[in-house]
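Numbered from 1 within each chain, the chains take letters A, B, ... in sequence-line order. Values reported hereafter were calculated over all heavy atoms of this structure, with side chains retained and with hydrogens, waters and symmetry mates removed. A quick note: this is a predicted structure, and the numbers were derived from the prediction, not measured.
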Number of protein chains: 2
Amino acid sequence: MLLSKACIYGMRASLFMAAMHKQNRQFVPIREVSDSLDLSFHFLTKILQQLTAAGLMESYKGPKGGIALSRPPKEIMLIEIVTAIDGDALFTECVLGLPGCGHKKACPLHDKWAYTREAIQIMFNSTSLEELASKGKRMNLRLSDELTMEDLIKSV
Amino acid sequence: MLLSKACIYGMRASLFMAAMHKQNRQFVPIREVSDSLDLSFHFLTKILQQLTAAGLMESYKGPKGGIALSRPPKEIMLIEIVTAIDGDALFTECVLGLPGCGHKKACPLHDKWAYTREAIQIMFNSTSLEELASKGKRMNLRLSDELTMEDLIKSV
DNA sequence: TCTATTTAAGACTTATTTGTCTTTAATATA
DNA sequence: TATATTAAAGACAAATAAGTCTTAAATAGA
Ligand code: FES
Ligand code: FES
């Protein structure tokens with residue numbers, strides 16, 4: 001599996017927040033996110049705490065509280081979410097699991113893997129939440145098992 | 001993590017066997033592989049059983065027994081080992097974990113991920129055990145924490 | 001035939017990830 | 001000030017992955 005479940009849920013929630021962004025909302029309650037995306041509320045809460053700890057989201061307690069992206073979706077790249085939750089092992093470690101991946105201590109797959117993992121990194125590094133949210137709205141793509149982004153935005 | 005530990009160990013063992021191939025050896029005892037690569041003997045045994053079940057290796061019981069690649073290393077591609085142990089989820093499933101990845105039910109990341117995962121697949125699909133074994137010998141690359149392929153071959 | 005060697009099979013344990021539940025702290029509003 | 005609402009924190013449980021151990025079956029060689 002490329003990404004952990006926690007990371008996947010964190011990305012889905014971030015995309016949801018990006019889609020919400022221009023809906024004149026301030027803070028969105030986590031319960032609303034978890035219900036919309038059909039995720040465990042408590043599990044998602046813990047994941048979002050990692051994102052707020054990483055400075056990607058802000059949270060506010062009490063009535064009218066919830067979470068919000070700390071920057072405009074255009075300025076948040078997917079790789080920030082991935083590394084905040086899964087770390088950067090995917091982009092730095094040996095594909096054969098040997099310690100200290102690098103030119104100096106290479107395994108037989110090093111050159112090919114270094115090239116391929118850079119392609120993966122570029123994918124996450126060059127994709128913003130805004131790009132995916134607007135594409136998702138325009139083409140009516142889905143963010144949960146059956147519901148599209150338009151469905152989700154309407155339903156709240 | 002891109003590949004499971006079981007898959008990684010299976011690849012390391014397969015590369016070891018490819019390096020052994022022209023050493024006039026018939027069957028190599030699993031104990032020799034696990035000792036050389038510093039892997040758990042019993043855990044490796046279970047992994048190798050998956051590879052023999054998939055037809056990639058042959059095994060023989062008793063004295064002079066052990067395991068052997070069932071085809072010349074040139075004809076065994078890495079992707080066969082990966083899919084035998086980890087399945088093809090990495091090459092078929094949605095990066096956001098949604099069921100039924102495909103054009104018809106796309107998520108916002110689908111196009112980019114479909115492209116990237118194909119690059120990963122091509123890497124495994126176009127790399128043979130022979131290529132890695134000969135490169136590893138030629139450039140004296142490592143297959144375990146500290147030991148290079150030459151070290152390993154000499155040590156048996 | 002007997003013994004030592006080796007893989008096969010499966011029960012079992014440990015570690016990690018995933019998911020649930022309860023309590024606490026902060027805050028808006030009445 | 002009292003109450004309802006919300007995130008934070010952390011204990012707890014379940015599921016999965018990783019690793020260990022024991023016994024059985026096959027086979028070479030004495
Ligand atoms: S050393 Fe193995 S991928 Fe770099
Ligand atoms: S539907 Fe998400 S990657 Fe294909």
Determine whether more than 12 heavy atoms belonging to other residues, nucleotides or ligands lie under 6.0 Å from atom [atom1] of [X].
X	atom1	result
Q23(B)	CD	yes
K135(A)	NZ	yes
N140(B)	CG	yes
Q26(A)	CD	no
K137(B)	NZ	yes
D38(A)	CG	no
E118(A)	CD	no

Atom pairs and distances, donor-acceptor, side-chain atoms in residues 47-59 of chain A, under 3.5 Å, two or more places apart:
unit_1 : atom_1 : unit_2 : atom_2 : d
T52(A) : OG1    : L48(A) : O      : 3.4
T52(A) : OG1    : Q49(A) : O      : 2.9

Next item on the list: Check each residue of residues 78-89 of chain A for a non-hydrogen atom within less than 4.0 Å of any atom in DNA chain C, then write out the ones that pass by number, or none.
Entry: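 None - not one residue of the stretch has a heavy atom sitting under 4.0 Å from the strand.
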[atom1] of [X] versus [atom2] of [N]: gap in Å, rounded?
X	N	atom1	atom2	value
Q26(A)	dA7(D)	CD	P	15 Å
L44(B)	dT7(C)	CG	C1'	12 Å
R12(B)	dA18(D)	CZ	P	13 Å
F41(B)	dT20(D)	CZ	C1'	12 Å
E58(A)	dT27(C)	CD	C1'	16 Å
F27(A)	dA26(C)	CZ	C1'	13 Å

Notebook entry, point to check: If an axis is fit to five pairs at each end of the helix from dT1(C)-dA30(D) to dA30(C)-dT1(D), what is the angle between the two, to the nearest 10°?
Noted result: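 The value is 0°.
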Next item on the list: Produce a footprint string for nucleotides 8-19 of chain C: one letter per nucleotide, 5' end first; B if the base is under 4.0 Å from any protein heavy atom, S if only the sugar-phosphate is, - if neither.
Entry: B--B------SB
Next item on the list: Any chance you could pull the hydrophobic cluster mates of F27(B), using side-chain heavy atoms under 4.5 angstrom and chaining through other members?
Entry: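 Cluster partners of F27(B): Y60(B).
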Notebook entry, point to check: Is it true that the side chains of S4(A) and D86(A) contain a donor and an acceptor less than 3.5 Å apart?
Noted result: yes
Item checked: Counterpart residues, side chain to side chain contact (heavy atoms under 4.5 Å, CB included), relative to D145(B) (two or more places apart) ->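 For D145(B), the residues satisfying side chain to side chain contact (heavy atoms under 4.5 Å, CB included) (neighbours in sequence not counted) are L98(A), P99(A).
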